[in-house]
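Presented below is the structure to which this report refers.
Both backbone and side-chain heavy atoms feed into the values below; hydrogens, waters and symmetry mates do not. Reminder, nothing fancy here: chain letters follow the sequence lines and each chain counts from 1. Being a predicted model, the structure only gives us computed values, none of them experimental.
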Amino acid sequence: MLRMSTLFLRTLRDDPSDAAVASHKLLVRAGYIRPIAAGIFSWLPLGVNVLRKVERVIREEMDKAGFQEVHFPALLPKDPYEKTNRWEDYGPALFRLQDRKGSDYLLGPTHEEMFTLMVKGEYSSYKDLPLSIYQIQTKYRDEARPRSGIIRGREFVMKDSYSFDLDDAGLEVSYGKHRDAYISTFDRLGLKYNIVSAMSGAMGGSKSEEFLAPCSTGEDTYVLCKKCGYAVNVEAMSTKVSAGETTEHPPIEVLDTPNTPTIESLVEVMNKKYSANIDASKTLKNVLLIADGNPISVLVPGDREVDLKRLEANLIGVKELRLFDDEDFAKRKDFVKGYVGPQDAKRLGVKLYADPRITIGSSWITGANVRDKHARNVVHGRDFQVDGFVEAAEVREGDACPKCDTPVIIDRAIEIGHIFQLGRKYAEALELTVLDSEGKSRVVTMGSYGIGVTRAVAAIAEQTYDEIGLVWPAEIAPAKVHIVATGKDDLPFTTAEKVALELEGKGIEVMLDDRREASPGVKFKDAELIGNPIILIFGKSLADGKVELRIRKSGEKSEVALAEVVSKVAALLN
RNA sequence: CGGGGCGUAGCGUAGUGGCUAGCGCGUCUGCUUUGGGAGCAGAAGACCGUGGGUUCGAGUCCCUCCGCCCCGACCA
């Protein structure tokens, strides 16, 4: 029983000044966590309580699916991570350290290497597969910018699983089992979520889906079609393209357009000076970038911005991408800022990538690569050719669903889970092979599956809180019932104690506010802030043999006869 | 890493270059009080983030560093 009189807990009346999101504010105020450094938190008894419950649900669902738990160190040697190149590739986000002898170590940001090596050390036959193992571990990533309290920390708890199969069909099965296990896990945790495809089909990459918990403070943006259920990360959204134009276009015409370096000014000049009657979507925006040191130009309709995240996710093979800056323009005087067009790409030595809306045969108004001049009737296929199409333009609410053409909605969410068909990358690098039925050596194919455990705590808080505090689902609340005893007489306290013990006897967790010195107001506020689902109040009405029962979530209040309290509570929890 | 904001007691905050750094919450003691963060009386608690500078005098002005938050870049 959690007794408020002795519980290591101090609630705060004010929001901490450095917290911006609700989960952060409330978890600190209600005494679940305390900040230690940027993106690093201590967990107090209430916080540990909730965290353990989330872990328990995860463990139960993993075990039910037949996955086995293992546990790796958080402190790891460099060597395996060198073999997979991640000692380098992970960059500054990797916490690196040395021991007294000067050997390199790291704090694990994720454990693909260790899992792969563990299986390699134990198994060598196809008969041992399939296998899925998992751990719940503290992970470390030196995030460039930790933020939003526990949503994006530098130290966090993650459940990560890995599946090992002989072939793609097996991987598909293991992936499906994880997907199902995640669905039951998140359902039990009371989370609302969407399963969203994380990679575009165009990439031809392996399968990857994210479990996104919608909430306004989320960092991920996703696209959802309410009609057909199409759901993708915004980076993976593919553009619905209407049929290409086939009409003949007049030849290119170069126009005088002094002082029109922006799309907005171009539209105005075209309409006023040339009576074109167009909007920005008829113009072609040429966004210059540096991709791994080389200039590229990305073409999007003038009414859309380039979404750098989308572009980067869809430009395969490019490691470093940034916009042209003033220095680049200074170096390349042949790129006329504000008047760039695709017609001279070859001469300028720039690779062209086009948004799919720039269909072959479409005609555009764009820069003439000469200061103060634009060109119209610039036709894709006739006047310029692109090196490839790429999803680069921003996605907007109301854009057409690529599957059913219905306008899509855009929402923000917290990524609470990610399942991913890894393939053979790690198995190859670390030489994880087994002998198949013909005695031949085969590289194992893997899947990787993560759940952000601490992040799930934050996501649940974000999805359920209200203006007076946290509102936990019963499954993970610190206690199912929060009992408040008020008054100066002993009766409410002794009665509350008795009922608390009875409830516990039925396996119902109880938090008992047995503080004699605290005023009723304080106890009510604390109960509401802490967020257990049922609140029982032993006070005034006890004289009539009644107890007040409140549902935290709905705020609903009722009087229950003392004799019926236990059965009533038990019924509510079923 | 770029831009912005902020560091004063456990938390929230006030503080024209000028006396002993103020207030609320919380904490401790005593009395009173017990259905909505009670009242009274008292108490403890602050290297005013750090180092330097300007000044007769710095919490306050200048510089350095450190830390925290927000936007962006980044985020298997």
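A:Lys309 comes within 4.0 angstrom of a base, heavy atoms only. Base contact: A:Thr11 has a heavy atom under 4.0 Å from a base atom. Counting any heavy atom pair closer than 4.0 Å across all strands shown, A:Pro16 reaches sugar-phosphate atoms only and no base atom. A:Asp15 comes within 4.0 angstrom of sugar-phosphate atoms only, judged by non-hydrogen atoms across all strands, and of no base.
The separation of B:G59 from B:A21, taken at their P atoms, amounts to 10 Å, rounded to a whole angstrom. Here the separation of B:C40 from B:U33, taken at their P atoms, is 15 Å to the nearest Å.
Of the listed nucleotides (B:G24, B:A76, B:G37), B:A76 has the atom at the smallest distance from the side chain of A:Arg86. Set against B:A73, B:U34, B:G36, the side chain of A:Lys557 has B:G36 as its closest nucleotide. Of the candidate nucleotides B:U34, B:C11, B:A76, B:U34 has the atom lying nearest to any side-chain atom of A:Lys488. Counting only heavy atoms from C-beta on, A:Tyr90 has its side chain closest to B:A76 among B:A76, B:G35, B:G37. Residue A:Arg13 places its side chain closer to B:G26 than to any other of B:U34, B:A76, B:G26.
Contacts of A:Phe156 classified as ring-ring contact (aromatic ring centres under 6.0 Å, His included), with partners at least two apart in sequence or in another chain: none. For A:Tyr426, there are no ring-ring contact (aromatic ring centres under 6.0 Å, His included) partners, not counting sequence neighbours.
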Using atom names, set out every protein N or O paired with an N or O of nucleotides 66-69 of chain B below 3.5 Å, distance rounded to 0.1 Å.
residue: B:C68; atom: OP1; partner: A:Ala38; partner atom: N; Å: 2.7
residue: B:C68; atom: O2'; partner: A:Asp18; partner atom: OD2; Å: 3.3

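Separating the CD atom of A:Glu312 from the P atom of B:C74 is a distance of 5 Å, rounded to the nearest angstrom. Nucleotide B:A76 holds its C1' atom 13 Å from the CZ atom of A:Arg455, rounded to whole Å. Between A:Arg10 atom CZ and B:A9 atom P the separation is 19 Å, expressed in whole Å.
Near RNA chain B, meaning a heavy atom under 4.0 Å away, there are no residues from residues 131-139 of chain A. In the region residues 527-548 of chain A, proximity to RNA chain B at under 4.0 angstrom, judged on heavy atoms, holds for A:Glu528, A:Ile537, A:Gly539, A:Lys540, A:Ser541, A:Glu548.
The phosphate of B:A38 (OP1 or OP2) has a side-chain N or O of A:Ser519 nearer than 4.0 angstrom.
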Problem - Secondary structure string for RNA chain B (Watson-Crick or G-U under 3.5 angstrom, | for other-strand pairs) - result: (((((((..((((....[...)))).(((((.......))))).....(.(((..]....))).))))))))....
